[in-house]
Amino acid sequence: MIAVTDLKKVYRQATREVRALDGVALTVPDNSVHGVIGQSGAGKSTLVRCIALLDRPTSGVVEVNGTDLTAVRSADLRRARRRLGVVFQHANLFDSRTVADNVAYPLELAGVGRAERASRAAELLGLVGLAENADAHPAQLSGGQRQRVGIARALATDPDVLLCDEPTSALDPATTGEILDLIAALKARLGLAVLVITHEMTVVKRICDSVSLLEDGRVVESGPLTEVVGAFGSRLSESLLALPPAAGADSAEGGTVEVLDVGRDGELSALTTASRHFGVDFPVVAATVERLAGTTFGRWRVQVLPPLSPDEVVGYFSANGVQAGVTATTGSVR
Amino acid sequence: MIDFLTQLAANPVVTNALWPAFLETLLMVGVSGVATVVLGLPVGVVLFVTQPGGLAHNRPVNVVLGSVGVNITRSVPYAILMLSLVPFTRWIVGTSIGPIAASVSLTIAAVPFFARLVEAALREVAPGKVDAAHAMGSTRFQTVWKVLLPESAPALVAGVTTTVVTLIGYSAMAGLIGGGGLGRLAYNYGYQRFQPDVMVLILVILVVLVQLVQWAGDAVVSKVDHR
Ligand SMILES: Nc1ncnc2c1ncn2[C@@H]1O[C@H](COP(=O)(O)OP(=O)(O)OP(=O)(O)O)[C@@H](O)[C@H]1O
Ligand SMILES: [Mg+2]
């Protein structure tokens, strides 16, 4: 388990201070994947570096399995780090070593004997599907294969926690999918607490159980995936259920209303029910449907034509427990 | 041409003095080369790790070693360094004559040069690899020994090659103040007694020697380079 409390990191530069992390708190239980998403400069890499103690936090607590890493030093810190694997964006493999020797490196540090290192490395490479490449050098591998080696190496000391800083940002979409599936499979198999840093929504959609939105060093939204996506109007909900751009729709007559359908598998959409209730059609301006963490989400933006007012429609939805809101009204209403 | 070669082959300078001089040159370059690598590698590593933001950043050590130790030595021309080191050499090896004595000033001239090459080679290692080493729980020593040095091996070997080639050049100068070797031979016979054939022969030998060293160095580089 990872538990971060009130984590702050201030970089002092010649003329100014950069508050890269400004009181971050998050928890990642075992056997789950927590995503941290944010724009460039939000502090995502700083968060990983501070949790892995590659940078010392200015203040705050970083607990891994109940041990506060900020409180331990030198030899104890090095030992504590074996409980924690780090996967980097560019894998950061050692070019001078073979694939097997890269995976064996953490075991070498831990004082494991040669024969045992070799068999453990072979086992780990099998786990990530690279058993055949043990004697290759990293330069002979593709980006996706290198990342697999990076994952195998991070798992060598049997950690309970895996930190991944943009593990797929350098990969194409197909390879991204493979690596994400691998991380999810390893999580389930080894019961890992995984923290994944990313700026890609696909990563969150595919493997995360919970997610935090980081902005200017603060967590502005956080929670289980179904909860944040199901929170109408939240930033994460709007980004994870992104609507295609609908040109000219906002200038249409009447107004537009947005509706969030949650978990209506095989049931009527709230939209259909409303349409029957009011006896009118709601032309769809934009829509998206996603199945996330086992729940189907539908987000609709529809046009409401006079004499019906957008507020009336929203009122109906609210009364029936469906989240909705007015997104545009034009002058022609009444 | 044939005449030139037969004449050269009969020249007592060539038959008697060339081989010992060649061995003296090899001895000077060999001894100072090994000493330079043994001393220069740690100096280069210390320069690298003590730099601002380095593994063991330490401003006083970095400034003293870098500016005072390395830069001052490097800014003294070898000819002057060699002469000024005569008393020191006498103190260390008991004499200022001979290839071993010459190796002292050669080493002192080459160590700062090689140390800078080592520092530059280590700087080429991607910082992410150092992060990875730390994240896996390496000590600073392990990071240097198991990661930084192996990862920079191609550049380090290239640095050794460059240093040895430079030492071959310096060794000719060292020969003039008693080091002996091919430099001395070229000066005595090729220059002072004006035997241009001896001069040409020594030039050819030096060119071939440098080529061989470069070729061997490059061969080792391609062997250790897995990128
Ligand atoms: N070593 C440093 N010294 C000074 N400022 C830093 C340092 N590292 C990061 N910062 C600053 O901290 C802020 C957060 O940086 P960080 O690298 O964590 O962002 P990020 O979310 O990972 O961005 P990206 O998506 O581009 O990787 C930025 O304003 C950055 O300029
Ligand atoms: Mg980053």
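The structure presented is a predicted model; accordingly, all values stated were derived computationally and were not measured. Throughout, a chain's letter reflects where its sequence line sits, starting with A, and its residues are numbered from 1.
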Per-residue contact mode, [X] against chain A (heavy atom under 4.5 angstrom):
X: B/Ala153; result: neither
X: B/Thr139; result: both
X: B/Ala126; result: neither

So which residues of residues 87-108 of chain A are in contact with chain B at a heavy-atom cut-off of under 4.5 Å? A/Phe88, A/Asn92, A/Leu93, A/Phe94, A/Asp95, A/Ser96, A/Arg97, A/Tyr105, A/Pro106, A/Glu108
Considering residues, nucleotides and ligands other than A/Arg82, do more than 12 of their heavy atoms fall under 6.0 Å from its CZ?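 Correct, the count exceeds 12.
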Within the supplied structure, the quantity of interest is the number of heavy atoms (other residues, nucleotides, ligands) at a distance under 6.0 Å from A/Arg189 CZ; does it exceed 12? no
Interface check, chain B: of A/Arg78, A/Arg79, A/Arg49, most non-hydrogen pairs under 4.5 Å belong to A/Arg78
Judged by modelled atom types alone, do [X] and [Y] share a side-chain donor-acceptor pair under 3.5 Å?
X: A/Asn65; Y: A/Thr67; result: no
X: B/Asp225; Y: B/Ser222; result: no
X: B/Arg116; Y: B/Asn71; result: yes
X: B/Tyr78; Y: B/Ser105; result: yes

Within the distance-only criterion (no hydrogens, no angle test), does the side chain of A/Gln145 pair as donor or acceptor with the backbone N or O of A/Ser142 below 3.5 angstrom?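 The answer is yes, because a donor-acceptor pair under 3.5 Å joins these two groups.
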Looking at A/Ala115, is its backbone amide N or carbonyl O close enough to the side chain of A/Arg120 to form a donor-acceptor pair, meaning the two atoms are under 3.5 Å apart?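 Flag not set: sc A/Arg120 to bb A/Ala115 has no pair under 3.5 Å.
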